[in-house]
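Every value quoted in this text rests on a predicted model; they were computed, and no experiment measured them. Chain letters run A, B, ... following the sequence lines, proteins first, then strands; residues in each count from 1.
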Amino acid sequence: MTLYMPLFRSCSNLRSLTQLHAHLVVSGFLKGPLASTKLIESYAQMGSLKSSRLVFDTFPSPDSFMWGVLMKSYLWNHFFEEVVLLYHNMIYHQAHIGSFVYPSVLRASSGICDLGIGRKIHGRIVKSGFDADTVIETSLLGIYGELGCLDDARKLFDEMGERDVVCWSSIVSSYIENGRAREGLEMFRCMLSEGIKPDWVIMLSIAEACANVGSLMLAKSIHGHAIVNEMMSDNGNFNSSLIFMYSQCGSLSSAERIFLNLPDRSTSSWTSMISSYNQNECFQEAVDTFLGMQESKVEPNAVTMLSVLGSCARLENFQSFTQAQRFDVESFGPMYGTGMFSENSNVYELQSEASNSIWNKSIPV
DNA sequence: CTAGGGTTAG
(Lines give C-alpha, C1' and ligand atoms only; values in the text may rest on other atoms or scores of the structure.)
Protein backbone atom coordinates (compact mmCIF):
# COMPACT_ATOMS: atom_id res chain seq x y z
CA MET A 1 0.00 0.00 0.00
CA THR A 2 2.56 2.56 1.05
CA LEU A 3 5.30 0.79 -0.86
CA TYR A 4 5.33 3.42 -3.58
CA MET A 5 5.99 6.29 -1.16
CA PRO A 6 9.79 6.16 -1.58
CA LEU A 7 9.22 6.47 -5.32
CA PHE A 8 7.99 10.02 -4.79
CA ARG A 9 11.27 10.96 -3.24
CA SER A 10 13.19 9.56 -6.18
CA CYS A 11 11.28 11.78 -8.60
CA SER A 12 13.66 14.64 -9.20
CA ASN A 13 11.85 16.27 -12.08
CA LEU A 14 8.43 16.75 -13.53
CA ARG A 15 9.00 14.08 -16.14
CA SER A 16 9.66 11.28 -13.72
CA LEU A 17 6.80 12.43 -11.53
CA THR A 18 4.44 12.31 -14.48
CA GLN A 19 5.63 8.77 -15.17
CA LEU A 20 4.97 7.81 -11.58
CA HIS A 21 1.57 9.44 -11.88
CA ALA A 22 0.76 7.31 -14.93
CA HIS A 23 1.92 4.22 -13.11
CA LEU A 24 -0.27 5.01 -10.13
CA VAL A 25 -3.29 5.48 -12.37
CA VAL A 26 -2.73 2.16 -14.12
CA SER A 27 -2.16 0.25 -10.89
CA GLY A 28 -5.23 1.77 -9.30
CA PHE A 29 -3.34 3.29 -6.36
CA LEU A 30 -4.70 6.72 -7.12
CA LYS A 31 -8.11 5.63 -5.94
CA GLY A 32 -6.81 5.99 -2.40
CA PRO A 33 -6.39 9.41 -0.82
CA LEU A 34 -2.83 8.79 0.31
CA ALA A 35 -1.24 8.49 -3.11
CA SER A 36 -3.36 11.32 -4.52
CA THR A 37 -2.43 13.66 -1.68
CA LYS A 38 1.23 12.87 -2.08
CA LEU A 39 0.93 13.48 -5.79
CA ILE A 40 -0.73 16.85 -5.25
CA GLU A 41 2.06 17.88 -2.94
CA SER A 42 4.82 16.66 -5.24
CA TYR A 43 3.42 18.42 -8.28
CA ALA A 44 3.16 21.64 -6.30
CA GLN A 45 6.74 21.33 -5.11
CA MET A 46 7.83 21.12 -8.72
CA GLY A 47 5.82 24.18 -9.60
CA SER A 48 3.11 22.40 -11.51
CA LEU A 49 0.06 23.59 -9.65
CA LYS A 50 -2.19 22.81 -12.58
CA SER A 51 -1.37 19.13 -12.25
CA SER A 52 -1.97 19.31 -8.51
CA ARG A 53 -5.35 20.78 -9.13
CA LEU A 54 -6.16 18.16 -11.74
CA VAL A 55 -5.43 15.35 -9.30
CA PHE A 56 -7.50 17.05 -6.65
CA ASP A 57 -10.43 17.74 -8.96
CA THR A 58 -10.58 14.21 -10.24
CA PHE A 59 -10.59 12.71 -6.77
CA PRO A 60 -14.20 11.93 -5.83
CA SER A 61 -14.33 12.92 -2.18
CA PRO A 62 -11.20 14.64 -0.90
CA ASP A 63 -10.63 14.41 2.83
CA SER A 64 -9.61 17.27 5.04
CA PHE A 65 -5.96 16.45 4.68
CA MET A 66 -6.12 16.57 0.92
CA TRP A 67 -7.86 19.95 1.02
CA GLY A 68 -5.16 21.16 3.33
CA VAL A 69 -2.35 19.97 1.10
CA LEU A 70 -3.91 21.67 -1.91
CA MET A 71 -4.21 24.90 0.06
CA LYS A 72 -0.63 24.63 1.18
CA SER A 73 0.36 24.15 -2.45
CA TYR A 74 -1.33 27.34 -3.52
CA LEU A 75 0.21 29.10 -0.57
CA TRP A 76 3.73 28.09 -1.60
CA ASN A 77 3.07 29.68 -4.94
CA HIS A 78 1.61 32.81 -3.37
CA PHE A 79 -1.89 32.30 -4.74
CA PHE A 80 -3.46 33.69 -1.58
CA GLU A 81 -6.90 34.39 -3.02
CA GLU A 82 -7.15 30.82 -4.19
CA VAL A 83 -6.34 29.53 -0.70
CA VAL A 84 -9.09 31.63 0.81
CA LEU A 85 -11.44 30.51 -1.95
CA LEU A 86 -10.67 26.88 -1.17
CA TYR A 87 -11.36 27.53 2.48
CA HIS A 88 -14.75 28.94 1.59
CA ASN A 89 -15.33 25.93 -0.64
CA MET A 90 -14.62 23.68 2.29
CA ILE A 91 -17.25 25.45 4.31
CA TYR A 92 -19.66 25.33 1.40
CA HIS A 93 -19.11 21.60 0.94
CA GLN A 94 -19.36 21.18 4.69
CA ALA A 95 -16.01 19.45 4.67
CA HIS A 96 -14.45 18.80 8.02
CA ILE A 97 -11.86 21.50 8.63
CA GLY A 98 -8.87 19.90 10.27
CA SER A 99 -6.46 21.87 12.39
CA PHE A 100 -3.71 21.91 9.77
CA VAL A 101 -5.92 23.89 7.39
CA TYR A 102 -5.87 26.99 9.57
CA PRO A 103 -2.20 27.99 9.38
CA SER A 104 -2.42 28.00 5.59
CA VAL A 105 -5.59 30.02 5.29
CA LEU A 106 -4.46 32.45 7.97
CA ARG A 107 -1.21 33.07 6.20
CA ALA A 108 -3.09 33.53 2.96
CA SER A 109 -5.40 36.11 4.47
CA SER A 110 -2.49 38.08 5.79
CA GLY A 111 -0.95 37.72 2.34
CA ILE A 112 -3.89 39.58 0.86
CA CYS A 113 -4.14 41.86 3.91
CA ASP A 114 -7.67 40.74 4.63
CA LEU A 115 -8.19 41.28 8.31
CA GLY A 116 -11.92 40.66 8.00
CA ILE A 117 -11.52 37.09 6.85
CA GLY A 118 -8.84 36.66 9.48
CA ARG A 119 -11.25 37.59 12.25
CA LYS A 120 -13.91 35.27 10.83
CA ILE A 121 -11.45 32.42 10.79
CA HIS A 122 -10.51 33.32 14.33
CA GLY A 123 -14.14 32.89 15.30
CA ARG A 124 -14.31 29.48 13.73
CA ILE A 125 -11.10 28.45 15.43
CA VAL A 126 -12.55 29.34 18.81
CA LYS A 127 -15.84 27.61 18.01
CA SER A 128 -14.14 24.39 17.01
CA GLY A 129 -11.93 24.43 20.05
CA PHE A 130 -8.64 24.83 18.22
CA ASP A 131 -7.75 27.90 20.23
CA ALA A 132 -5.81 25.70 22.58
CA ASP A 133 -3.50 24.65 19.79
CA THR A 134 -0.18 26.48 20.06
CA VAL A 135 0.57 26.26 16.37
CA ILE A 136 -2.79 27.71 15.34
CA GLU A 137 -2.58 30.40 17.98
CA THR A 138 0.85 31.36 16.72
CA SER A 139 -0.53 31.64 13.20
CA LEU A 140 -3.33 33.85 14.43
CA LEU A 141 -0.96 35.97 16.40
CA GLY A 142 1.14 36.29 13.28
CA ILE A 143 -1.67 37.59 11.11
CA TYR A 144 -2.70 40.18 13.69
CA GLY A 145 0.88 41.27 14.04
CA GLU A 146 1.44 41.44 10.33
CA LEU A 147 -1.69 43.47 9.74
CA GLY A 148 -0.76 45.96 12.40
CA CYS A 149 -3.19 44.84 15.11
CA LEU A 150 -0.58 44.64 17.80
CA ASP A 151 -3.08 44.84 20.62
CA ASP A 152 -4.96 41.82 19.32
CA ALA A 153 -1.72 39.96 18.83
CA ARG A 154 -0.59 40.81 22.33
CA LYS A 155 -3.90 39.81 23.86
CA LEU A 156 -3.73 36.42 22.16
CA PHE A 157 -0.16 36.01 23.26
CA ASP A 158 -0.91 36.86 26.87
CA GLU A 159 -3.71 34.33 26.95
CA MET A 160 -1.68 31.52 25.50
CA GLY A 161 -1.09 28.62 27.81
CA GLU A 162 2.15 27.34 26.50
CA ARG A 163 4.70 29.70 25.02
CA ASP A 164 7.59 28.26 23.10
CA VAL A 165 10.33 30.12 21.31
CA VAL A 166 8.31 30.22 18.08
CA CYS A 167 5.39 32.15 19.48
CA TRP A 168 7.75 34.45 21.37
CA SER A 169 9.48 35.02 18.09
CA SER A 170 6.18 35.88 16.49
CA ILE A 171 5.20 38.50 19.07
CA VAL A 172 8.69 39.96 19.22
CA SER A 173 8.93 40.33 15.45
CA SER A 174 5.42 41.79 15.36
CA TYR A 175 6.58 44.67 17.52
CA ILE A 176 9.72 45.15 15.50
CA GLU A 177 7.97 45.02 12.15
CA ASN A 178 5.54 47.66 13.37
CA GLY A 179 8.32 50.03 14.24
CA ARG A 180 8.29 49.34 17.96
CA ALA A 181 11.71 47.79 18.29
CA ARG A 182 12.17 48.81 21.92
CA GLU A 183 9.03 47.00 22.98
CA GLY A 184 10.13 44.03 20.92
CA LEU A 185 13.40 43.99 22.80
CA GLU A 186 11.55 44.35 26.06
CA MET A 187 9.47 41.29 25.19
CA PHE A 188 12.61 39.45 24.26
CA ARG A 189 14.00 40.22 27.69
CA CYS A 190 10.83 38.76 29.22
CA MET A 191 11.39 35.64 27.19
CA LEU A 192 14.92 35.30 28.47
CA SER A 193 13.78 35.77 32.04
CA GLU A 194 11.30 32.94 31.57
CA GLY A 195 14.22 30.74 30.74
CA ILE A 196 13.42 30.24 27.07
CA LYS A 197 16.53 29.75 25.03
CA PRO A 198 16.69 31.92 21.91
CA ASP A 199 17.41 30.23 18.62
CA TRP A 200 18.90 31.83 15.52
CA VAL A 201 15.53 32.71 14.02
CA ILE A 202 14.52 34.96 16.88
CA MET A 203 18.05 36.34 16.97
CA LEU A 204 17.52 37.43 13.40
CA SER A 205 14.67 39.63 14.59
CA ILE A 206 16.69 40.84 17.54
CA ALA A 207 19.51 41.85 15.22
CA GLU A 208 16.94 43.74 13.18
CA ALA A 209 15.65 45.47 16.30
CA CYS A 210 19.17 46.36 17.25
CA ALA A 211 19.74 47.86 13.82
CA ASN A 212 16.62 49.95 14.40
CA VAL A 213 17.64 51.28 17.79
CA GLY A 214 21.28 51.63 16.80
CA SER A 215 22.89 50.45 19.99
CA LEU A 216 26.44 49.29 19.41
CA MET A 217 26.59 47.78 22.87
CA LEU A 218 23.56 45.64 22.15
CA ALA A 219 25.02 44.76 18.75
CA LYS A 220 28.15 43.44 20.38
CA SER A 221 26.23 41.41 22.88
CA ILE A 222 24.10 39.89 20.11
CA HIS A 223 27.24 39.07 18.19
CA GLY A 224 28.84 37.59 21.29
CA HIS A 225 25.77 35.55 22.07
CA ALA A 226 25.69 34.26 18.52
CA ILE A 227 29.31 33.19 18.72
CA VAL A 228 28.93 31.47 22.07
CA ASN A 229 25.87 29.61 20.85
CA GLU A 230 27.40 28.75 17.52
CA MET A 231 24.85 30.53 15.43
CA MET A 232 27.41 32.03 13.11
CA SER A 233 28.47 28.91 11.33
CA ASP A 234 26.38 27.41 8.62
CA ASN A 235 24.10 30.39 8.36
CA GLY A 236 24.61 32.94 5.64
CA ASN A 237 21.43 34.81 6.44
CA PHE A 238 22.37 35.31 10.01
CA ASN A 239 25.78 36.69 9.14
CA SER A 240 24.16 39.09 6.71
CA SER A 241 21.89 40.39 9.43
CA LEU A 242 24.87 41.01 11.68
CA ILE A 243 26.63 42.92 8.91
CA PHE A 244 23.69 45.23 8.47
CA MET A 245 23.16 45.48 12.22
CA TYR A 246 26.72 46.70 12.84
CA SER A 247 26.52 49.14 9.98
CA GLN A 248 23.39 50.65 11.51
CA CYS A 249 24.97 50.87 14.94
CA GLY A 250 27.81 53.06 13.81
CA SER A 251 30.44 50.42 13.28
CA LEU A 252 30.85 49.97 9.60
CA SER A 253 34.29 48.53 10.28
CA SER A 254 32.81 45.63 12.26
CA ALA A 255 30.41 45.01 9.41
CA GLU A 256 33.29 44.96 6.97
CA ARG A 257 35.24 42.64 9.22
CA ILE A 258 32.47 40.08 9.29
CA PHE A 259 32.00 40.41 5.56
CA LEU A 260 35.67 40.09 4.72
CA ASN A 261 36.07 37.04 6.92
CA LEU A 262 33.26 35.15 5.27
CA PRO A 263 34.81 32.23 3.44
CA ASP A 264 31.88 31.99 1.11
CA ARG A 265 29.79 35.04 0.27
CA SER A 266 26.21 34.55 -0.68
CA THR A 267 23.83 36.93 -2.39
CA SER A 268 22.52 38.04 0.99
CA SER A 269 25.94 38.76 2.47
CA TRP A 270 27.00 40.80 -0.58
CA THR A 271 23.68 42.60 -0.49
CA SER A 272 24.02 43.34 3.18
CA MET A 273 27.45 44.83 2.70
CA ILE A 274 26.32 46.91 -0.27
CA SER A 275 23.28 48.28 1.53
CA SER A 276 25.42 48.93 4.60
CA TYR A 277 27.69 51.13 2.51
CA ASN A 278 24.73 52.75 0.87
CA GLN A 279 23.09 53.56 4.20
CA ASN A 280 26.33 55.01 5.50
CA GLU A 281 26.64 57.17 2.42
CA CYS A 282 29.73 55.32 1.25
CA PHE A 283 28.38 55.26 -2.25
CA GLN A 284 31.62 54.53 -4.02
CA GLU A 285 32.28 51.55 -1.76
CA ALA A 286 28.78 50.29 -2.45
CA VAL A 287 29.32 50.42 -6.19
CA ASP A 288 32.77 48.86 -5.89
CA THR A 289 31.36 46.05 -3.78
CA PHE A 290 28.68 45.47 -6.34
CA LEU A 291 31.31 45.20 -9.03
CA GLY A 292 33.20 42.75 -6.83
CA MET A 293 30.01 40.76 -6.51
CA GLN A 294 29.72 40.58 -10.27
CA GLU A 295 33.29 39.44 -10.53
CA SER A 296 32.58 36.68 -8.04
CA LYS A 297 29.67 35.60 -10.22
CA VAL A 298 27.17 35.85 -7.38
CA GLU A 299 23.69 36.68 -8.58
CA PRO A 300 22.22 39.92 -7.25
CA ASN A 301 18.58 40.15 -6.27
CA ALA A 302 16.05 42.95 -6.20
CA VAL A 303 17.34 44.27 -2.88
CA THR A 304 20.90 44.33 -4.15
CA MET A 305 19.78 46.42 -7.08
CA LEU A 306 17.81 48.76 -4.88
CA SER A 307 20.90 49.59 -2.87
CA VAL A 308 23.40 49.81 -5.65
CA LEU A 309 21.13 51.88 -7.86
CA GLY A 310 20.65 54.27 -4.97
CA SER A 311 24.40 54.62 -4.67
CA CYS A 312 24.84 55.06 -8.40
CA ALA A 313 22.29 57.82 -8.36
CA ARG A 314 24.06 59.63 -5.55
CA LEU A 315 27.39 59.30 -7.33
CA GLU A 316 25.79 60.26 -10.61
CA ASN A 317 27.63 57.25 -11.88
CA PHE A 318 25.62 56.36 -14.91
CA GLN A 319 28.06 53.84 -16.26
CA SER A 320 27.56 51.58 -13.29
CA PHE A 321 23.92 52.45 -13.40
CA THR A 322 23.44 51.09 -16.89
CA GLN A 323 25.54 48.09 -15.97
CA ALA A 324 23.26 47.43 -13.05
CA GLN A 325 20.21 47.92 -15.19
CA ARG A 326 21.07 44.91 -17.28
CA PHE A 327 19.71 42.68 -14.57
CA ASP A 328 16.10 41.77 -14.85
CA VAL A 329 14.86 42.59 -11.39
CA GLU A 330 11.57 40.77 -11.95
CA SER A 331 13.29 37.48 -12.57
CA PHE A 332 15.10 37.19 -9.27
CA GLY A 333 12.65 34.86 -7.62
CA PRO A 334 13.03 33.62 -4.05
CA MET A 335 16.01 35.07 -2.30
CA TYR A 336 17.69 32.08 -0.87
CA GLY A 337 21.08 32.58 0.70
CA THR A 338 23.45 29.80 -0.08
CA GLY A 339 26.58 31.15 1.52
CA MET A 340 27.77 29.21 4.51
CA PHE A 341 30.03 30.45 7.20
CA SER A 342 32.07 27.69 8.68
CA GLU A 343 35.20 29.32 10.00
CA ASN A 344 35.69 29.29 13.73
CA SER A 345 34.44 32.52 15.09
CA ASN A 346 37.38 33.57 17.22
CA VAL A 347 38.40 36.05 14.58
CA TYR A 348 36.47 38.76 16.23
CA GLU A 349 37.73 38.04 19.70
CA LEU A 350 34.67 39.34 21.38
CA GLN A 351 34.78 39.00 25.09
CA SER A 352 31.91 36.69 25.66
CA GLU A 353 31.84 37.28 29.40
CA ALA A 354 31.14 40.93 28.78
CA SER A 355 28.48 40.08 26.26
CA ASN A 356 26.82 37.61 28.52
CA SER A 357 26.71 39.97 31.42
CA ILE A 358 24.74 42.37 29.27
CA TRP A 359 22.52 39.51 28.35
CA ASN A 360 21.56 38.76 31.91
CA LYS A 361 20.88 42.30 32.91
CA SER A 362 18.76 44.69 30.99
CA ILE A 363 19.12 45.43 27.33
CA PRO A 364 21.05 48.65 26.82
CA VAL A 365 19.34 50.87 24.37
C1' DC B 1 -3.87 9.95 12.47
C1' DT B 2 -0.98 12.73 8.75
C1' DA B 3 1.19 18.56 9.46
C1' DG B 4 0.45 23.04 10.41
C1' DG B 5 3.40 28.20 13.56
C1' DG B 6 8.24 32.52 14.15
C1' DT B 7 12.96 35.11 9.34
C1' DT B 8 14.23 39.33 5.40
C1' DA B 9 15.64 43.00 2.28
C1' DG B 10 17.02 47.96 4.29
Contact class for [X] (heavy atom, under 4.0 Å): base, sugar-phosphate, or nothing?
X	value
A/D199	base
A/L141	nothing
A/S272	base
A/S275	base

Taking only residues two or more places apart in sequence, or in another chain, which ones meet [X] in a ring pair (Phe, Tyr, Trp, His ring centres under 6.0 Å)?
X	value
A/F79	none
A/F56	A/W67
A/F130	A/Y102
A/Y43	A/H21

Set of salt bridge (Lys or Arg N to Asp or Glu O under 4.0 Å) partners for [X], sequence neighbours left out:
X	value
A/R53	A/D57, A/E82
A/D151	none
A/E162	none
A/E183	A/R180

When rounded to whole Å, the CZ to P distance for the pair A/F244 and B/dT7 reads 18 Å

Any residue of [range] with a heavy atom less than 4.0 Å from an atom of DNA chain B:
range	result
residues 47-78 of chain A	A/F65, A/K72
residues 117-134 of chain A	A/D133, A/T134
residues 90-115 of chain A	A/S99, A/F100, A/P103, A/R107

Check A/S275 against A/S307 and note the closest heavy-atom contact, atom names and distance.
->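 Minimum heavy-atom contact is CB-OG, 3.0 Å.
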
Check step by step if salt bridge (charged side-chain N to carboxylate O under 4.0 Å, His left out) holds for A/K155 and A/E159.
-> CA-CA 6 Å; A/K155 191 163 178 283; A/E159 288 166 359; 3.5 Å; yes

With a cut-off of 3.5 Å and sequence neighbours excluded, list every side-chain donor-acceptor pair involving residues 113-126 of chain A.
{"residue": "A/D114", "atom": "OD1", "partner": "A/G116", "partner atom": "N", "Å": "3.1"}
{"residue": "A/D114", "atom": "OD1", "partner": "A/I117", "partner atom": "N", "Å": "3.0"}
{"residue": "A/R119", "atom": "NH1", "partner": "A/D152", "partner atom": "OD2", "Å": "3.1"}
{"residue": "A/H122", "atom": "ND1", "partner": "A/Y144", "partner atom": "OH", "Å": "2.8"}

